[in-house]
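In this chain, numbering begins with 1 at the start of the sequence shown.
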Amino acid sequence: SAPVDLVEVVLNATQDARAAGPDHVWTLTIPDSLMVFGDGNQLHQVITNLLGNARKHTPAGTRVAISAYQEGGDAVISVLDDGPGVPESIKGHVFERFARADVNRAHDDEGSTGLGLAIVASVAQAHGGTVELISEPGATRFVLRLPLLTGDGSSAE
């Protein structure tokens, strides 16, 4: 593990998402820098999974707003889409291994291993953070919180 600038990770993952999902509208709101302590590759995978999830489970034309900001001692990444929302039946299970969206929410042929959000949750936890889902039709938001690096190089507790 090492200091990682989450803004750089989010920028790279968003560029990949734009290339993979040109029929979605991607917006990005970020500060200059948000430093956390962790594994840059794992954190990139987490952001990629969240953006891929928004792309795969929403129709063309959906707006996906990615924002990164500081809240107290946390770095926060928010991924908000205006798609159909997560069905009530699976809301409580999206972070479990092999939970899969029903066919109505999957708008593509990529299919799903059902591991994407479980990986997000486990990496967030390993980094001392959390991830939560807030969803209703027209507004699905995933919020990832990780402890910010303080000036002395330790994680803010």
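The shortest distance between side-chain heavy atoms of His44 and Asp16 falls below 4.5 Å. Side-chain contact between His127 and Val36 is absent, with no heavy atoms from C-beta onward closer than 4.5 Å. With contacts defined as side-chain heavy-atom distances shorter than 4.5 Å, the pair Phe142/Leu117 qualifies. Pro84 places a side-chain heavy atom less than 4.5 Å from the side chain of Thr58.
The distance from atom CD1 of Ile134 to atom NZ of Lys91, rounded to the nearest 0.5 Å, is 10.5 Å. A distance of 10.5 Å separates OH in Tyr69 from CG in Leu34, rounded to the nearest 0.5 Å. A distance of 10.0 Å separates CG in Leu50 from CD1 in Ile66, rounded to the nearest 0.5 Å. Rounded to the nearest 0.5 angstrom, Asn12 CG and Asp5 CG are separated by 10.0 Å. How far CG of Leu43 is from CG of Leu144: 7.5 Å, rounded to the nearest 0.5 Å.
A donor-acceptor pair is defined here as one N or O able to donate and one able to accept, closer than 3.5 Å; no such pair exists between the side chain of Glu88 and the backbone of Ile90. The main-chain N or O of Val76 is never found under 3.5 Å from a side-chain atom of Asp74 such that the two would form a donor-acceptor pair.
Within a 6.0 Å radius of CD in Glu8, other residues, nucleotides and ligands contribute 12 heavy atoms or fewer. Atom CD of Gln125 is surrounded by 12 or fewer heavy atoms from other residues, nucleotides or ligands within 6.0 Å.
Side-chain contact, Ser67 with Thr29: no donor N or O sits under 3.5 Å from an acceptor N or O. Checking Arg141 against Ser78 by side-chain atom types alone, a donor-acceptor pair falls below 3.5 Å.
Between Thr140 and the choices Thr62, Leu133, Leu80, Asp82, the side-chain contact (heavy atoms from CB on, under 4.5 Å) rule is met once, by Leu133.
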